[in-house]
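Heads up, the thing below is written out as structure tokens.
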Amino acid sequence: MTQSPISSPSPDYLDRLNPEQREAIETTEGPLLILAGAGTGKTRVLTTRFAHILLNGRARPWQILAVTFTNKAAREMRERVAALLGETIDGLWLGTFHALCARMLRRHAEYVGLTTGFTILDTDDQLRLVRQIMEPYRIDTKRWPPQGLLGVFQRWKDRGLTPAQVTPAEDTDFAAGHARALYAAYQERLRAVNACDFGDLMLHMLEILRTQPDVLAQYHRLFRYILVDEYQDTNTIQYLWLRLLAKRPEGAPNIACVGDDDQSIYSWRGAEVENILRFEKDFPGARVVRLERNYRSTAQILRAASGLIAHNADRLGKTLRPGSDDARGEKVQVISVWDSDEEARIAAGAIERLRAEGHPLSQIAILMRAGFQTRPFEERFLTLGLPYRVVGGLRFYERAEIRDAMAYMRVLVQPADDLAFERIVNVPKRGIGAAGLQKLHHTARGIGAPLAAGVLHALETGALKGKQREALATLMDAFERARALREREGHVVAMEMLLEESGYLQMWRDDRSPEAPGRLDNIKELLRAIGDFGTLEGFLEHVALVTETEDQASSDTVSLMTLHGAKGLEFDTVFLPGWEEGVFPSQRSLDEGGLKSLEEERRLAYVGITRARRRAVILHAARRRIYANWQDSIPSRFIAEIPDDAIEQSGQALQERIQLTARNSVFANGPIRGTTRPFRKLTDVREEIAAPLPVGTRVFHQKFGYGTVLEVEGDRLHINFEKAGEKRIMAHFVEQVS
DNA sequence: TGAGAACGTTTTTTT
DNA sequence: AACGTTCTCA
């Protein structure tokens, strides 16, 4: 029990908050920027603020718009608000940008030429669509892969640009300036099949808010308060969307954004740190509250992290201070190892010791730069029998059999879903290849109907013959009956029957490959999962928006995940492997992003260290296998940037090399050339750097013939071949000719 | 049309 | 090395 001040007794939920936190919660009116360093109680502030507004009667639950970045964060917030209020509340506008936009767009779909039942496409569908769009343009898909084009669209969408808003000047990256036209065609096609891709959820909603004043006014009336989490990771379109909703005609907006410029790690997804840096300009009169007291990590860990991030320029400036004076804790360990196998061995060994001392495995995480780095750890853990889980690895809903089954589901729900129909029309094999599909498309277009209707038409008119006719008749009949069954017996039974009668389940039963039984299990699991939802539509919506795997957080396992995936989490002990130049910071960031992307890598390192409550262990290996061959590596510059007295170095391998970081070595100005031979000395690497194929060199390639080097990108060369045009080639595939 | 061979690329990070 | 895509032939 706390003693209440005489003047204003403060409610329980404001107990044990520090003054800054209280200010962030109690400043309900007007724009507010909360700069919250790692581990400073950000989530607590956000949820308490939410509850505070409700408990003071300032708004009804549905009048608060609360935006998070991940579904996980949304769920956590929902739970904690419920705990504070002592009850669960439905109908909250709390979710990710995309989930909230999807909900809005279902209400207003007609303004952008969709109907409320529109489909949200997955990446497979998007790619198939892009390929179709590209076809008539006769674009060399070798040079201009569909994924690349999709990326261009994505970036435009991230910036809130509709096809009409893209200027010719913006359209230079791809296929000689055809991207704009392709973008328009792509959007047109999406509309025609009543579908949205992920970016459209935001793009369409922004368009509606911009062009429909009464819709905008409706939301202005509705949302009295806006809360935004992870503001540093908002991209342009999210920013525009927020600003539109926040700037009501009456008075200053009650918008509170929480963020940390030091944890901005999503610029590759279009995030603009500038959004947070500019907040006070965007919302004049904004209060700024800094949360700097860290209650998570030991003083040593904070010192290491702060020292590292201090190497970044352009910061709003925050200093993490330990929440309590005691417990300086262990220094950050830096261990030098020989290769990635030893790295895994050492980490696993340390984990076994911790386990023997009674540390729960659930409080241990291994955080890496990229997903593929989990391999050696998984192997090691398997041989030792250490329980682990890969968080955010291959996701359930990305498996082929699940996507197939869901495509069946989509056609069931919406017969006009051409993309889903295309996916399953020949799975299992029904004798419909590329040519057959073309014919079906033609028939459908002829009667101005979707594919499925086209098939029915073709069956009636007798345009289909033999095996094709029989197989498609069976398929269409299965859909027909499944729809009827859905009415009578519910969607689970209908789906079961559909997958059975269409031959899909039998296809896997007949499959003799070792994965087949697992796939059948997965489908069983899918059928179970849809039982948790009232309707198939609800289930599809959930799957489209919630990409994460159900976490079995209850089990006591070590977590393996990417640094990006670890944001917002904390563990007692954190292992940070692969701190080597070219791995972390990644080669790509060194090659193309310049200083900006190097700083982002540094923020990622900062995020990594600050995940640890008590113990952080950084590892780096002397050599690592890249693709098929070994490559020498040197310690990450980030290791040298951590204050010496905050770290403790160990490991027999290459003790002396620790000082030799990129910052003060011969490699400072360029990437390291790949090596194919193991056990290479540094001097050898130096020689290779000294003798590359410089720009202008005439070279010969086995397949492409003669050409000239246009550009050197690490161990890749950008070459203009006389016959084959411009290509990017690994340097060792070409030889110099004089 | 489909199976197998040959070829090329891959490793950022996610809603 | 491992995977996915395209190519080639039956």
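Protein chains get the first letters and strands the later ones, always in sequence-line order, with residue 1 at the start of each.
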Going by 5.5 Å between centroids and 30° between planes, is there a stack of A:W268 over B:dT13?
yes
In whole angstrom, what separates A:W241's CH2 from B:dT15's P?
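Rounding to the nearest Å, CH2 of A:W241 and P of B:dT15 are 17 Å apart.
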Spacing of A:K467 atom NZ relative to B:dG2 atom C1', expressed in whole Å:
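Value for this atom pair: 10 Å.
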If you check every side-chain atom of A:A435, which of B:dT12, B:dG2, B:dT1 has the closest atom?
B:dT1
Would you indicate which nucleotide in B:dT14, B:dT15, B:dT11 comes nearest to any side-chain atom of A:F198?
B:dT15
Quick one: is A:R269 getting a side-chain N or O under 4.0 Å of the B:dT14 phosphate, OP1 or OP2?
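For B:dT14, neither OP1 nor OP2 has a side-chain N or O of A:R269 closer than 4.0 Å.
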Looking at A:S586, does any N or O in its side chain come under 4.0 Å of the phosphate oxygens OP1/OP2 on B:dT13?
no
Under 4.0 Å between a Lys/Arg side-chain N and an Asp/Glu carboxylate O for A:R375 and A:E378?
no
Kindly give the heavy-atom pair with the smallest separation between A:S636 and A:P585, and that separation in Å.
OG-CD, 3.5 Å
Contacts of type ring pair (Phe, Tyr, Trp, His ring centres under 6.0 Å), residue A:F638, not counting sequence neighbours
A:F584
My understanding is that only residues two or more places apart in sequence, or in another chain, count here; which of them pass ring pair (Phe, Tyr, Trp, His ring centres under 6.0 Å) with A:F153?
A:Y183, A:Y186
Note: for A:G431 and A:Y266 on DNA chain B, the residue whose nearest nucleotide lies more 5' is A:G431
